Amino acid sequence: MQLFPDLVKLLKTYYEVRPSDDWLFINKDGRYYRESKTIVDYHLKPLLKEINVEYKTLYATRRSYASVMSFGGENLEDIQKVMGHSKGSKITEKHYIDPRILKLEHDKLNAQKQQDIFNMMIEVENESSQSKSA
């Protein structure tokens, strides 16, 4: 996965000044978050809302990532490493890689193209009819 250079710098800076050697993100009391739901509800969702990005569950995000990377030609072992799965694990392919994710998006794009062509044909026909009646 490619990270933006500025994000890499920010993560490195945070790592150097992180308040805990055991946990990357801790709460205001200096303890780790017991549930990811807290991080999602109080930090991730507000951030996504602020930058106008629709929230998707962690599972949906991971599944989309695995599917897109897999069908984009990424090595399965590299995908498993990023996702924290064991090398050769069947979990990645069974539960995360789904070819329908890309097919649905492709189908939407094709439908939009067909609609655009149809609308263009209707406009041409309407213009032709109007010029004949004038």
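This one's a predicted model, so the numbers in the text were calculated from it and none came from an experiment.
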*Asks:* Should I97 and L76 count as side-chain neighbours, where that means a heavy-atom distance under 4.5 Å?
*Replies:* yes
*Asks:* Just wondering, more than 12 heavy atoms not from D29 lying within 6.0 Å of its CG?
*Replies:* yes
*Asks:* Test of understanding: with side chain to side chain donor-acceptor pair (under 3.5 Å), list the residues that count as partners of D22, not counting sequence neighbours.
*Replies:* none
*Asks:* Quick one: name the residues clustered hydrophobically with L10, using the 4.5 Å side-chain heavy-atom rule over I, L, V, M, F, W, Y, and just say none if it's on its own.
*Replies:*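 In the cluster with L10 there is nothing else; it is isolated.
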*Asks:* Can you list everything that forms a side-chain contact (heavy atoms from CB on, under 4.5 Å) with V53? Sequence neighbours excluded, please.
*Replies:* L48, I51
*Asks:* Measure the CD-CD1 distance between E74 and I79 for me, rounded to the nearest 0.5 Å.
*Replies:* 6.0 Å
*Asks:* Measuring from K37:NZ to Y42:OH, what's the distance to the nearest 0.5 Å?
*Replies:* 7.5 Å
*Asks:* Could you grab the distance from atom CZ of R31 to atom CH2 of W23, nearest 0.5 Å is fine?
*Replies:*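 With rounding to 0.5 Å, CZ (R31) is 13.0 Å from CH2 (W23).
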*Asks:* Give the cluster check for Y32 versus L44: same hydrophobic cluster or not, with ILVMFWY residues linked at side-chain heavy-atom distances below 4.5 Å.
*Replies:*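 The answer is no; the residues belong to distinct hydrophobic clusters.
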*Asks:* Just by modelled atom types, is the T92 backbone N or O under 3.5 Å from a matching donor or acceptor in the Q80 side chain?
*Replies:*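 A pair under 3.5 Å: no.
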*Asks:* Can you measure from OH (Y55) to CG (D41) and round to the nearest 0.5 angstrom?
*Replies:* 7.5 Å
*Asks:* When you look at I26 and Y33, which way does the side-chain contact (heavy atoms from CB on, under 4.5 Å) test go after all the steps?
*Replies:* CA-CA 6 Å; I26 59 172; Y33 290 95; 5.6 Å; no
*Asks:* If you round to the nearest 0.5 Å, how far is CD1 of I39 from CG of N27?
*Replies:* 9.5 Å
*Asks:* For atom OH of Y59, is the number of surrounding heavy atoms from other residues, nucleotides or ligands below 6.0 Å larger than 12?
*Replies:*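 Counting other residues, nucleotides and ligands, OH of Y59 exceeds 12 neighbours.
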*Asks:* State the OG-CE distance between S89 and M83, to the nearest 0.5 angstrom.
*Replies:*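 It comes to 9.5 Å.
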*Asks:* Can you tell whether the side chains of R18 and E16 come within less than 4.0 Å, N to carboxylate O?
*Replies:* no
*Asks:* If you draw a 6.0 Å radius around NZ in K45, do more than 12 non-hydrogen atoms from other residues or ligands fall strictly inside?
*Replies:* yes
*Asks:* Between Y14 and K12, does a side-chain contact (heavy atoms from CB on, under 4.5 Å) hold up when you go through it step by step?
*Replies:* CA-CA 5 Å; Y14 178 77; K12 284 181 180 178; over 6 Å; no
